[in-house]
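Only one structure is covered here, and it is reproduced in the block below.
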Amino acid sequence: MKLKNLESTQQDLLKKLQAIENDAELETFRLEYLSRQGLIAQLFEQLKTLDAQEKREVGPHLNDLKKEIQASFDRKKEELFTQTLERANQKKQNFDVTLSKKHRKGSLHPYTHLTNQIEDIFISMGFQIADGPELETEFFNFTGLNIPANHPAREDSDTFWINDKHLIRTQTSTVQIRMMQNLKPPMALIVPGRVMRNEATDASHDFMFMQLEGMLIAEKISVANLLATLQTFLTKLFEKDVKLRVRPGYFPFVEPGLEIDASCPFCNQGCSTCKKTGWIELLGAGIIHPEVLKHGGIDHTKYSGFAFGCGLTRLAMLKYGIPDIRLLHSSNLKFLQQFS
Ligand code: PHE
């Protein structure tokens with residue numbers, strides 16, 4: 001059969017090779033013609049069936065054909081490989097690092113927005129911003145703050161103890177004595193910071209939340225200074241005239257201790273936020289206990305001061321109308337993107 005017209009078979013195969021454009025086509029060609037079951041192998045099988053004279057005539061032609069096709073095949077392979085490389089290089093050269101289809105902009109977390117705003121307000125009143133460690137000693141979190149060993153706040157259920165002496169701070173009040181030891185009166189500072197309590201999580205509780213501590217120590221500081229400061233702060237923050245309501249409260253590190261409510265900034269006669277009472281419980285505060293001043297190395301006969309602690313998490317939820325604390329602490333993009 002084909003042995004009779006090797007010449008045209010060869011032309012045929014060469015044409016086919018020339019038309020090949022990719023690796024897949026090349027492989028199909030190889031299987032069909034050059035593999036062990038391919039056409040050329042079959043021709044060699046047929047050659048065996050010829051007589052000696054014919055073999056001598058046809059054999060060399062068939063060998064030539066095989067060589068020629070194999071060589072063309074190899075060239076084609078090389079050519080395709082070079083093309084692929086060139087295309088890859090081209091792509092690299094055209095790669096523009098400044099090009100992006102969508103300009104996705106990040107946004108600040110609501111805590112960051114709020115903290116920035118609060119810091120601005122207090123800085124405008126002459127306060128400085130302070131910070132302290134989240135991993136604390138028992139002294140700064142409890143003993144130094146006049147919280148005796150049998151106080152409920154010390155029970156394991158509330159505190160993440162690391163060992164006998166170390167814990168994760170349960171309140172930003174830890175920074176009070178630290179700052180008294182570092183600065184001299186008169187001093188005024190706020191501490192926005194993270195605290196943790198070993199509590200079950202629900203819509204309004206999480207084991208981690210943010211507090212805002214405030215402290216001012218100078219001569220002749222009284223509850224009046226505390227209330228004026230807080231009223232100014234809240235009025236600026238909520239951009240509404242906020243009134244304060246003061247009730248007695250117990251915190252071992254202040255005397256007198258106060259619970260302070262703010263008039264609801266969202267309504268006039270009661271809404272769901274203030275549970276129709278017109279007031280929102282917002283702060284613990286008071287006049288710093290002389291024992292605490294002593295621990296801080298401050299002369300309590302000369303100086304007095306106020307301190308307050310406020311749920312920064314609660315403020316954020318109030319200000320931005322966030323119904324569930326878990327949203328605030330999640331990485332839910334749909335939620336976070338609203339604050340860009
Ligand atoms: N640290 C108190 C709390 O976590 C709040 C507070 C701060 C009360 C400062 C009085 C003075 O509840």
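One is the number of the first residue; the rest follow in order along the sequence. Because only heavy atoms are used, hydrogens play no part in the values below, and waters and symmetry mates are left out as well, while side chains stay in. Both counts, for ligands and for their atoms, begin at 1 and track the order of listing.
- Annotation: cation-pi pair R30/F73 absent, no NZ/CZ under 6.0 Å from the ring centroid and within 45° of its normal.
- Ring planes of F122 and F127: perpendicular class, angle over 60° (limits at 30 and 60°).
- Salt-bridge check for E78 with R75: failed, with every basic side-chain N at 4.0 Å or more from each acidic carboxylate O.
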Check each N or O atom of ligand 1 against all protein N or O atoms and list the pairs under 3.5 Å, with atom names and distances to 0.1 Å, one per line.
from: ligand 1; atom 1: 1 (N); to: Q171; atom 2: OE1; distance (Å): 2.8
from: ligand 1; atom 1: 1 (N); to: S173; atom 2: OG; distance (Å): 2.8
from: ligand 1; atom 1: 4 (O); to: R197; atom 2: NH2; distance (Å): 3.0
from: ligand 1; atom 1: 4 (O); to: Q211; atom 2: NE2; distance (Å): 2.9

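- Looking at every heavy atom in both residues, C310 comes nearest to L283 through CB-CD2, 3.5 Å.
- Heavy atoms from other residues, nucleotides or ligands lying under 6.0 Å from NZ of K66 number 12 at most.
- By the 30° and 60° cut-offs, the orientation of the rings of F160 relative to F207 is perpendicular.
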